[in-house]
Amino acid sequence: MVERIKQKKTYCKRIVIYGPESTGKTTLAHDLAKHYDTMWVPEYAREYLQKKWDLYRGKCSLDDLMNIALGQIKMENKIISKSKKFIFCDTNILVTKVWSETHFSGYCSPEIKNILKSVRYDYYFLTNVDVPWVKDDLRDSPYNREEMFNYFKNQLNINKIQYSVLSGDKDQRLKKAILILDKILG
């Protein structure tokens with residue numbers, strides 16, 4: 001049986017920085033949080049999988065994905081009480097679903113799909129692949145970036161999620177995101 005985790009309620013707008021690997025999500029989440037004097041939620045999968053890699057060169061398995069999904073929500077819940085106006089999530093469970101489907105022959109567990117139905121986010125920024133790919137221990141998709149971007153985008157469209165694509169260098173992305181968020185704030 002899957003551990004039941006719910007998002008904490010908040011008045012903050014939950015903003016997801018979403019997209020393929022090595023597209024500046026972490027930098028953008030950090031910079032937006034700094035600009036708005038609020039908090040951001042790091043990518044739990046990075047911490048979880050880096051430990052696995054460091055211990056025995058282990059890669060992500062299908063069994064890891066539920067732990068990653070639950071860990072991400074727990075981390076978000078822990079940080080949200082310290083946030084103001086916005087909380088910036090450097091990934092979320094939709095990314096876990098996409099990663100599962102693109103790395104495990106289209107499969108995503110029903111449990112992850114059910115959790116996805118129960119969470120709510122206010123806006124998504126889809127980061128484009130127009131920045132250089134940077135190698136690290138965990139990244140594995142330098143050659144199919146456009147295909148991955150299209151898959152991520154398609155998931156937003158299928159699920160009728162409101163989003164904006166952010167392209168350009170880090171400053172251009174940040175400026176565009178701030179313009180959009182200031183409109184959301186009114």
Side-chain angles (χ1 to χ4, degrees), residues 7 10 12-46 65 68-69 72-73 75-76 79-80 83 85-103 106 108 112-113 115-117 119-136 138-186:
Q7 284 179 314
T10 182
C12 294
K13 300 279 187 201
R14 286 182 166 96
I15 310 299
V16 179
I17 314 302
Y18 171 87
E21 66 183 23
S22 194
T23 56
K25 294 182 299 295
T26 301
T27 299
L28 182 61
H30 173 269
D31 291 350
L32 284 168
K34 184 177 178 182
H35 176 82
Y36 287 103
D37 189 29
T38 191
M39 303 297 292
W40 68 286
V41 183
E43 179 184 10
Y44 180 77
R46 178 155 287 284
L65 295 179
I68 289 168
Q72 189 68 38
I73 293 171
M75 189 180 293
E76 180 184 321
I79 292 171
I80 203 152
S83 297
K85 298 180 197 169
F86 295 111
I87 184 167
F88 296 99
C89 301
D90 176 10
T91 197
N92 76 345
I93 195 162
L94 184 56
V95 173
T96 306
K97 177 185 180 289
V98 167
W99 207 90
S100 180
E101 291 172 351
T102 59
H103 286 73
C108 180
I112 288 177
K113 290 178 182 178
I115 293 171
L116 183 58
K117 290 177 189 174
V119 295
R120 185 190 66 73
Y121 295 90
D122 296 290
Y123 202 81
Y124 282 67
F125 286 116
L126 172 58
T127 52
N128 206 339
V129 294
D130 60 340
V131 294
W133 185 84
V134 178
K135 181 177 178 34
D136 70 16
L138 305 177
R139 293 177 178 155
D140 65 355
S141 300
Y143 304 111
N144 63 342
R145 296 181 84 206
E146 194 68 38
E147 179 184 333
M148 288 298 291
F149 175 82
N150 290 331
Y151 197 93
F152 274 84
K153 185 176 182 179
N154 190 42
Q155 289 299 303
L156 292 170
N157 292 331
I158 287 170
N159 290 292
K160 296 181 171 89
I161 294 171
Q162 189 178 14
Y163 70 96
S164 294
V165 175
L166 297 179
S167 301
D169 66 25
K170 108 180 194 155
D171 292 333
Q172 291 169 319
R173 291 169 183 229
L174 180 61
K175 285 177 188 172
K176 182 176 180 180
I178 289 169
L179 282 172
I180 292 165
L181 292 173
D182 285 349
K183 285 181 185 176
I184 290 172
L185 271 181

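Count residues from 1 along the sequence. Here the structure is a predicted model, which is why all the values come from computation and not from measurement.
Distance alone, capped at 3.5 Å, places no donor-acceptor pair between the Asn154 side chain and the Asn150 backbone. Thr23 contributes a side-chain N or O that, together with a main-chain N or O of Pro20, makes up a donor-acceptor pair within less than 3.5 Å. Of the possible donor and acceptor atoms, none in the side chain of Glu101 sits under 3.5 Å from a partner among the backbone N and O of Val98. Distance alone, capped at 3.5 Å, places no donor-acceptor pair between the Glu76 side chain and the Phe88 backbone.
Summarising the geometry of Val131 relative to Gly168, their closest heavy-atom pair is CG1-O, 3.7 Å, with the distance given to 0.1 Å. Residues Tyr36 and Ile178 approach most closely at OH-O, 3.3 Å, considering heavy atoms. Scanning all heavy atoms of the two residues, the minimum distance from Leu126 to Phe152 falls at CD1-CB, 4.0 Å. Considering all non-hydrogen atoms of both residues, Gly19 and Thr127 come closest at CA-OG1, 3.8 Å. In plain terms, the two heavy atoms of Lys25 and Asp90 that are nearest each other are CB-OD1, 3.4 Å.
In summary, of the residues considered (Phe149, Phe125, Tyr124), a ring pair (Phe, Tyr, Trp, His ring centres under 6.0 Å) with Tyr18 occurs for Tyr124 alone. For the side-chain contact (heavy atoms from CB on, under 4.5 Å) with Arg145, the qualifying choice from Val129, Asp130, Asn128 is Val129, the only one to do so. Under the side-chain contact (heavy atoms from CB on, under 4.5 Å) rule, Ile80 has a single partner from Arg14, Gln7, Met75, which is Arg14.
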| request: Might you work through the side chain to side chain donor-acceptor pair (under 3.5 Å) test for Ser164 and Tyr123, ending with a clear yes or no? | output: CA-CA 8 Å; Ser164 294; Tyr123 202 81; 2.4 Å; yes

| task | Take Thr10 and Ile87 through the side-chain contact (heavy atoms from CB on, under 4.5 Å) test and state the conclusion after the steps. | result | CA-CA 10 Å; Thr10 182; Ile87 184 167; 5.7 Å; no

| task | Give the intermediate values and the outcome of side-chain contact (heavy atoms from CB on, under 4.5 Å) for residues Asp31 and Trp40. | result | CA-CA 9 Å; Asp31 291 350; Trp40 68 286; over 6 Å; no

| Between Leu32 and Ile17, does a side-chain contact (heavy atoms from CB on, under 4.5 Å) hold up when you go through it step by step? | CA-CA 10 Å; Leu32 284 168; Ile17 314 302; 3.9 Å; yes

| said: Is there a side-chain contact (heavy atoms from CB on, under 4.5 Å) between Ile15 and Leu181? Walk through the geometry before answering. | reply: CA-CA 9 Å; Ile15 310 299; Leu181 292 173; 3.8 Å; yes

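Going from atom NZ of Lys85 over to atom OG1 of Thr38 covers 9.0 Å, rounded to the nearest 0.5 Å. Asn159 contributes atom CG, which lies 10.0 Å from atom NZ of Lys117 (distance to the nearest 0.5 angstrom). The CG atom of Leu65 lies 12.5 Å from the NZ atom of Lys97; values are rounded to the nearest 0.5 Å. For the atom pair OG1 (Thr27) and CZ (Arg173), the distance works out to 9.5 Å, reported to the nearest 0.5 Å. Atom CG in Leu156 sits 6.0 Å away from atom CG in Leu94 (nearest 0.5 Å). The distance from atom CD1 of Ile93 to atom SG of Cys108, rounded to the nearest 0.5 Å, is 7.5 Å.
Side-chain contact between Thr91 and Tyr44 is absent, with no heavy atoms from C-beta onward closer than 4.5 Å. At a threshold of 4.5 Å between non-hydrogen side-chain atoms, the residues Tyr163 and Ile180 do not count as touching.
Surrounding NZ of Lys176 are more than 12 heavy atoms belonging to other residues, nucleotides or ligands, all under 6.0 Å away. Atom CD of Glu147 sits in a sparse spot, with 12 or fewer heavy atoms from other residues, nucleotides or ligands closer than 6.0 Å.
Partners of Lys113 according to the salt bridge (charged side-chain N to carboxylate O under 4.0 Å, His left out) rule, which considers only residues two or more places apart in sequence or in another chain, do not exist here.
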